[in-house]
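Encoded as structure tokens, the structure appears first; notes follow it.
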Amino acid sequence: MIRDITIGQYYQTKSVIHDLDPRVKLMGTLVFIISLFLGKNVWLYLGATAFLAMVIGLSRVPLKFIIKGLRAVVVLILFSTVFNLFLTEGEVVLTIWKLQITKEGIYTAAFMVVRLMYLIVGSSLMTFTTTPNHLTDGLEKGLGFLKIIKVPVHEIAMMMSIALRFIPILIEETDKIMKAQMARGADFDNGGLIKKAKAMVPILVPLIISAFRRANELAMAMEARCYHGSEGRTKMKPLKYKKNDYIAYIVMFAYLAGMIAIKVLRPGMI
Amino acid sequence: MSLIVDKINYTYEIGTGFERHALKDVSLAIEDGEFVGLIGHTGSGKSTLIQHFNGLVKATSGTIYYNGQDIYDKDYNMKDLRSKVGLVFQYPEHQLFETDIFKDVCFGPKNLGLSKKDVELRAFEALRMVGIPEELFYQSPFDLSGGQKRRVAIAGVLAMKPEVLILDEPTAGLDPKGRDEILDCVKKLHEEMGITVILVSHSMEDVANYVDRIIVMNDGVLTYDDTPKNIFTHYRELEAIGLAAPQVTYIMNDLKQAGINVDTTAITVEEAKESVLRAVRKGM
Amino acid sequence: MGIVKTENLTFEYIRRDENDNVEGINTAVDNVSVEFKEGEFIAILGHNGSGKSTFAKHINALVMPTEGSVWVDGMDTKDDDKVLDIRQTAGMVFQNPDNQIICTLVEEEVGFGPENIGVPTEEIWERVAKSLEAVGMTKFRNASPNKLSGGQKQRVAIAGIVAMKPKCIILDEPTAMLDPSGRKEVIRVLHELNEKEHVTVVLITHYMEEVIDADRVFVMDAGKVVMEGTPRQIFTEVERLKSLRLDVPQVTELAYELKKAGLSIPSGILMKEELTASLLKLV
């Protein structure tokens, strides 16, 4: 059920992508997202597809696993498809009852689906190949300049990393609580919206209480291990750029430059 | 009236590459009024198995019959099954949610659609049966001690008047006295109400004193299904699967090997004492 | 002075009702004066709510005494400047393995403590490797803690403390949520640390089998230390332990019952071999 969600998970394996500096991967994700919004153009999308395929190939994360992550957002994708398909004005190709499908609608819907899927796959590739700790290290160092304007970068990064660690635990706990209440005859499937909302109370109360208890105990355990913020803290895995990281930067900016070139040279849809 | 499990299999995460067989060809029958211990180490499949008994988890293949009816039948009333086969999960913290104890115990019977009067009557009875004093009824369940929380959780299921009561490691984390109190309470329910009890545990010592029959699970397979005395004669095999017989079994076997003629099937301290006394007095 | 010393340690907290009115004052720890020597294996027994956990948290400076004092390796826990030193000297492992693991990778988790106390990067790696080796978890260094069993998680938590090179480890019911094999793993690791690394171990538990090999046992009830002695001395008093909501291993109980029934066997038997030997003398 809920456990099927793979977005945000780390997929453990050894690959070139896994070994990259998290700052490179953060920048790479950003570059990829920007490239997706350059425009609706088949050539642009072919370029993005090639880039994505290359990264997936290098990451050695099985395609099956990546696609499984998409299942969680299938509703969102369908929703946007339907909207774009029927609500875009233009040259009518098909009429079903009062709804019209236009040529422009089909193009827009297709682009939107691809864009959404690529957005999700692209950003989840980052989490698949980067441990949350590494990721927050990357954020902490990459955004370190914000410290000058008193943004508590380290604290935010630490909170994110803890949140990521506890997501699977809380998901599993939700599952257990649901089962415990179902064993007492609770019904989560039937009834109207209000009844369904009410049925959530027996799940949410134990879950929230447990989350607070966990937070409390975790804070104590961190204190007991001498945690006192970023001051005087050293790193077990300090971030240092390696040769591959520089190569990756070059590849990604070459990609972006190429995409912009396509955009300039081929302004139309095709 | 009984629970029959016919060759059930359960496989996790089919088609993801992480497939795991949690249950393999498990068959068993539990008769009315039995007191059964279900033993296995963590990950042996025992928790998955009991969740099949009340339909929370559906077997990948195989069938379960409750009172002669196939619970996987399309028209079968699953909600009814869940009230007949009551399942109390390990941590009471996973089910307590109301502002006071009494309301919390009312949750189960209320879900059965009973009248307010009946609901309250059942809650009252259930709390009394597990030995929660009336002055605690209107306290928050979160202020209770570990042992009391467990009792309230058990009452929450008892209030649905189940015919079978399944308890998943009800004594985990309790101190020795708290453990004895909970198990005595369950024993009383079994004796006084004639309720069928399935006690899940990873401790042989805990269940040896209470149950008439032990089912041992290992790696998703039902390995033994017999009386405690017979099961504990296999103590070496039990060790190989990460379990152990009660310490007295080992003591009696040691004594026997040392040449003292004691009964090696003694499974409680009381029985062991009698047997040793007999042997020693005869020797003197 | 011993590695841990308390003098008239008392901890009180105020109970309030829903409207924040004071309902009463609870005394969780009541006038406890003990001293643990370096290298000892100490067990603290007590039923749930006997004050043993609150007592333990004092040693790690997580809780401050209402009255009396606690010294860790000569440092007063009330001394604010010493808090980090105290926590480094006397590390603490908690009951719930899930709620004390911070990182998503075993080796990073073990490195968390050393990072906090500013150990240089290279030395962190050495310490992590050594600590994982000490608890037998090297094989899992690149695993996610979520995939480990309860016993393995607790061993990682212990490694996380060991990596800070403490002189003393306090464990607050580390086995309460584990199954029997997990419990055995953890206790075995603790004895190894105690013997090989000469780390002082303070084990808080309510499982009697776990204290048999301890050097000294303290039994707490209602915040007070009510019994103190070697395991053998403690287990001689079967009835007293039962009245304190505890029990004794089956072999001790059997020996006790046989003695009560008139057989002449010594009191405080802890091992089945001892029972066999003393019974053989009778037949």
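Note: hydrogens, waters and symmetry copies are ignored here, and every other heavy atom, side chains too, is used. Small disclaimer: the values here were computed from a predicted structure and weren't measured. Below, read A as the first sequence line, B as the second, and so on, with proteins coming before strands; counting in each chain starts at 1.
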Any R213(B) side-chain heavy atom under 4.5 Å of I215(B) side chain:
yes
Is the shortest side-chain heavy-atom distance between M177(C) and Y91(B) below 4.5 Å?
yes
Are I101(B) and Q148(B) side-chain neighbours, meaning at least one heavy-atom pair lies under 4.5 Å?
no
If you count heavy-atom pairs under 4.5 Å with chain B, which of E257(C), H206(C), R245(C) comes out on top?
R245(C)
One thing to verify: whether E209(C) and K184(C) come together as a salt bridge, which I'm taking to mean a side-chain N less than 4.0 angstrom from a carboxylate O.
no
If one checks every heavy atom of I251(B) against chain C at 4.5 Å, the contacting part turns out to be both
Please rank L258(C), T205(C), D179(C), T276(C) by heavy-atom pairs under 4.5 Å with chain B and give me the top one.
D179(C)
Is the shortest distance from a Lys or Arg side-chain nitrogen in K229(B) or E271(B) to a carboxylate oxygen in the other one below 4.0 Å?
yes
So which of E109(C), K153(C), Q154(C), Q95(C) actually passes side-chain hydrogen bond (donor to acceptor under 3.5 Å, both in side chains) with Q100(C)?
Q154(C)
For L244(C), which atoms come within 4.5 Å of any heavy atom of chain B: side chain, backbone, both, or neither?
neither
What option among K242(C), E173(C), Q250(C) has the most heavy-atom pairs under 4.5 Å with chain B?
Q250(C)
Picking from E270(B), E205(B), H41(B), Q257(B), which has the most non-hydrogen pairs under 4.5 angstrom with chain C?
E205(B)
Tell me which of these, S149(C), A277(C), A261(C), has more heavy-atom pairs under 4.5 Å with chain B than the rest.
A261(C)
